[in-house]
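One is the number of the first residue; the rest follow in order along the sequence.
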Amino acid sequence: MQASSAISAVNAVYIYVPLALTAVSLIFIYLYKLYREYDNIIKELDERKLEQ
């Protein structure tokens with residue numbers, strides 16, 4: 001039989017830590033502004049391609 005502190009530690013490592021890291025990652029992905037600048041990036045790349 002495992003101590004309740006050991007079970008809590010296993011739950012934290014396998015459930016709560018990945019859940020928290022996923023939430024932080026989703027926040028960073030949402031705040032990353034690439035999707036807002038994507039059209040401008042494509043436009044600039046096309047202009048560079050035409051110049052060559």
Side-chain angles (χ1 to χ4, degrees):
M1 180 129 201
Q2 298 294 325
S4 63
S5 61
I7 294 172
S8 296
V10 169
N11 282 338
V13 169
Y14 285 102
I15 297 173
Y16 302 120
V17 172
L19 186 62
L21 292 175
T22 301
V24 170
S25 298
L26 289 174
I27 290 169
F28 280 120
I29 289 170
Y30 178 75
L31 295 176
Y32 191 62
K33 58 182 185 171
L34 177 64
Y35 69 92
R36 294 181 215 146
E37 296 180 9
Y38 181 77
D39 292 332
N40 289 335
I41 292 170
I42 296 300
K43 180 180 156 190
E44 287 180 16
L45 288 173
D46 287 339
E47 288 173 358
R48 289 182 192 175
K49 190 183 288 187
L50 290 176
E51 288 177 1
Q52 293 178 351

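- Residues satisfying the salt bridge (Lys or Arg N to Asp or Glu O under 4.0 Å) criterion with E44, sequence neighbours excluded, are absent altogether.
- Sorted by first and then second residue, the salt bridge (Lys or Arg N to Asp or Glu O under 4.0 Å) pairs with a member in residues 14-28 form an empty list; sequence neighbours excluded.
- Through chains of ILVMFWY side-chain contacts below 4.5 Å, L34 is grouped with Y32, I41, L45.
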Name every donor-acceptor pair, under 3.5 Å, that has one atom in a side chain of residues 6-31 and the other anywhere in the protein, sequence neighbours excluded.
{"residue": "S8", "atom": "OG", "partner": "S4", "partner atom": "O", "Å": "3.0"}
{"residue": "T22", "atom": "OG1", "partner": "P18", "partner atom": "O", "Å": "2.8"}
{"residue": "S25", "atom": "OG", "partner": "L21", "partner atom": "O", "Å": "2.9"}

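- Partners of K49 under the salt bridge (Lys or Arg N to Asp or Glu O under 4.0 Å) rule, at least two apart in sequence or in another chain, do not exist in this structure.
- Legend: salt bridge (Lys or Arg N to Asp or Glu O under 4.0 Å) pairs involving residues 9-27, not counting sequence neighbours: none detected.
- Taking K33 as the reference, R36, E37 meet the side-chain contact (heavy atoms from CB on, under 4.5 Å) condition, with sequence neighbours excluded.
- The stretch residues 15-27 participates, sequence neighbours left out, in no salt bridge (Lys or Arg N to Asp or Glu O under 4.0 Å) pair at all.
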